[in-house]
**Student:** 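Got a structure here, written out as structure tokens. Questions coming.
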Amino acid sequence: MTTVGSTTTARTASQAFPAGFVWGAATAAYQIEGAAHEDGRGPSIWDTFARRPGAVAGGDTGDVACDHYHRWREDIALMASLGLGAYRFSVSWPRVQPDGSGPVNPRGLDFYDRLVDGLLEAGITPYVTLYHWDLPQALEDAGGWTVRDTAYRFAEYAGVVHDRLADRADTWTTINEPWVASFLGYGAGVHAPGRTSADDAFRAAHHLMLAHGLAARRLREAGAERISLTLNLAPVLCPADAPGEADLAAVELVDSLLNRQFLDAALRGSYPDAVLERARRLGHVRDGDLAVIAQPIDSLGINYYNPTYVRAAPGAPENPAFPGSAGVAFPSVDLPTTAMGWPIAPDGLTELLLRLHRDHPGVPLVVTENGAAFDDVPGPDGRVADPARIGYLEGHLRAAHAALAAGVDLRGYLVWSLLDNFEWAEGYGKRFGIVYVDYADQRRLPKDSARWYAGVIARNGLEA
Ligand SMILES: OC[C@H]1NNC[C@@H](O)[C@@H]1O
């Protein structure tokens, strides 16, 4: 038997996970709640962006989504039927503070009160994410994440939610995927608010991380003991047999922007050179900011889907999600893909977990998202056979187990997602759920993968 941190891992041929390993599922407010104009909720940047012609496939919006705002009891019963130990959800900032600051909307907070009570009654631990991209539009109108003030408004909002729920919820994630919110929202313009400025992307990334630090400090002062940040991370790989200098430079740049910009800031209080160069020019990083950002956290959330592949390609245009990437290609590789076109590479999860264990020892890790979209279709009997998703999840759980066996302090795994839901710019056409949602009548149909996952949870691991 080996013990890493407080995790005891059985070194056996089986795929048993450690005792106490947390099994759960994840969602996010704008993707599932609906009720976008109900009970005092204010508009978010996604309400605005989704109405921009062409911004979202099919012109889909989160107006109704999975109607979880009204069906939360049914959804909790679903979670309990699967044996989930934890449920990761996000709080809609514009539901709590319609203008992003000032008056609190009591009916908004009441919803999360009911949800947390319902989860606890079902024996499910609430994992609360405070920001999953739905910035109140009023704050965007004042500059959004490109202005420093938004970070301070976020810390105030975090305090409001924490003070209301802290007697029952004790696991808090400040920000979900700051890279996506900043570089897709303000750089590439393919996510809300749909702005296309590299400088603004860097400003937004820094202010999102400052928001994390300020909120973490506010929660810690209020007694929170399980504070986390969730990052979308990926091994950055060059698919060439013998990468050259230019290939390695491309890997270094993309790794700095996608991974180290956020890992180094949160866990070391520093930025990689690619970010520092921009910061020196823009002047948005102030003395003391990185010390705030590097507030101690109790775990790091990892959202992993697939590696990012890059190689040098003279003449390649800059990818606006990666400023400075002119001359870098993002090639597809010869691997099976999901319905998102993302390569299926479970080993990338092992590699990522080992890197974090090596580079940031002592930081407990939780896979806060991992999953896949496939074109699921209910059969005439209402069954939804999704063998590809089962294969994806099994492969990634084996990869997680390999990291555990190597001594990584992995505490939990939350599948993305509990329900099919609004997949941002892809709308409802991409289905990540282990539970199928028939949007015509909001019926929930557990897919085969849900039953499979319930078996994994029941045996605390995979069949050997
Ligand atoms: O693209 C799948 C998921 N990735 N992480 C953030 C979630 O909101 C997405 O739906």
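For ligands, and for the atoms within them, numbers begin at 1 and follow the listed sequence. A quick note: this is a predicted structure, and the numbers were derived from the prediction, not measured.
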**Student:** If you count the atoms of ligand 1 from 1 in the order shown, which ones are under 4.0 Å from a heavy atom of Q31?
**Tutor:** 7 (C), 8 (O), 10 (O)
**Student:** For H132, take its heavy atoms, then give the atoms of ligand 1 lying under 4.0 Å from any of them.
**Tutor:** 6 (C), 7 (C), 8 (O)
**Student:** Stepwise, does the side chain to side chain contact (heavy atoms under 4.5 Å, CB included) test hold for I76 with W72?
**Tutor:** CA-CA 6 Å; I76 290 177; W72 59 274; 3.7 Å; yes
**Student:** Are any non-hydrogen side-chain atoms of R431 and V384 less than 4.5 angstrom apart?
**Tutor:** no
**Student:** Could you list which atoms of ligand 1 come closer than 4.0 Å to a heavy atom of F432?
**Tutor:** 1 (O), 2 (C)
**Student:** Hey, is W342 touching ligand 1 through its side chain, its backbone, both or neither, going by heavy atoms under 4.0 Å?
**Tutor:** side chain
**Student:** Looking only at side chains, do H70 and Q442 share a donor and an acceptor under 3.5 Å apart?
**Tutor:** no
**Student:** Can you report which non-hydrogen protein atom sits closest to atom 1 (O) of ligand 1, along with the distance?
**Tutor:** E423 OE2, 2.7 Å
**Student:** Please say whether W416 places an N or O atom under 3.5 Å from an N or O atom belonging to ligand 1.
**Tutor:** yes
**Student:** Within the 4.0 Å heavy-atom shell around Y305, which atoms of ligand 1 are there?
**Tutor:** 2 (C), 3 (C), 4 (N), 5 (N)
**Student:** Go through the side-chain N and O atoms of W179 and N259 and say whether any donor and acceptor fall under 3.5 Å apart.
**Tutor:** no
**Student:** How many angstroms lie between CH2 in W452 and CD1 in I457, if you round to the nearest 0.5 Å?
**Tutor:** 9.5 Å
**Student:** Please verify the inter-ring angle class for W172 with H162; under 30° counts as parallel, over 60° as perpendicular, anything in between as tilted.
**Tutor:** tilted
**Student:** With heavy-atom distances below 4.0 Å as the criterion, list the atoms of ligand 1 near E177.
**Tutor:** 4 (N), 5 (N), 6 (C)
**Student:** Looking only at protein heavy atoms, which one is nearest to atom 4 (N) of ligand 1, and what is the separation?
**Tutor:** E369 OE1, 3.2 Å
**Student:** Apply salt bridge (Lys or Arg N to Asp or Glu O under 4.0 Å) to D334 and list each qualifying residue two or more places apart in sequence or on a separate chain.
**Tutor:** none
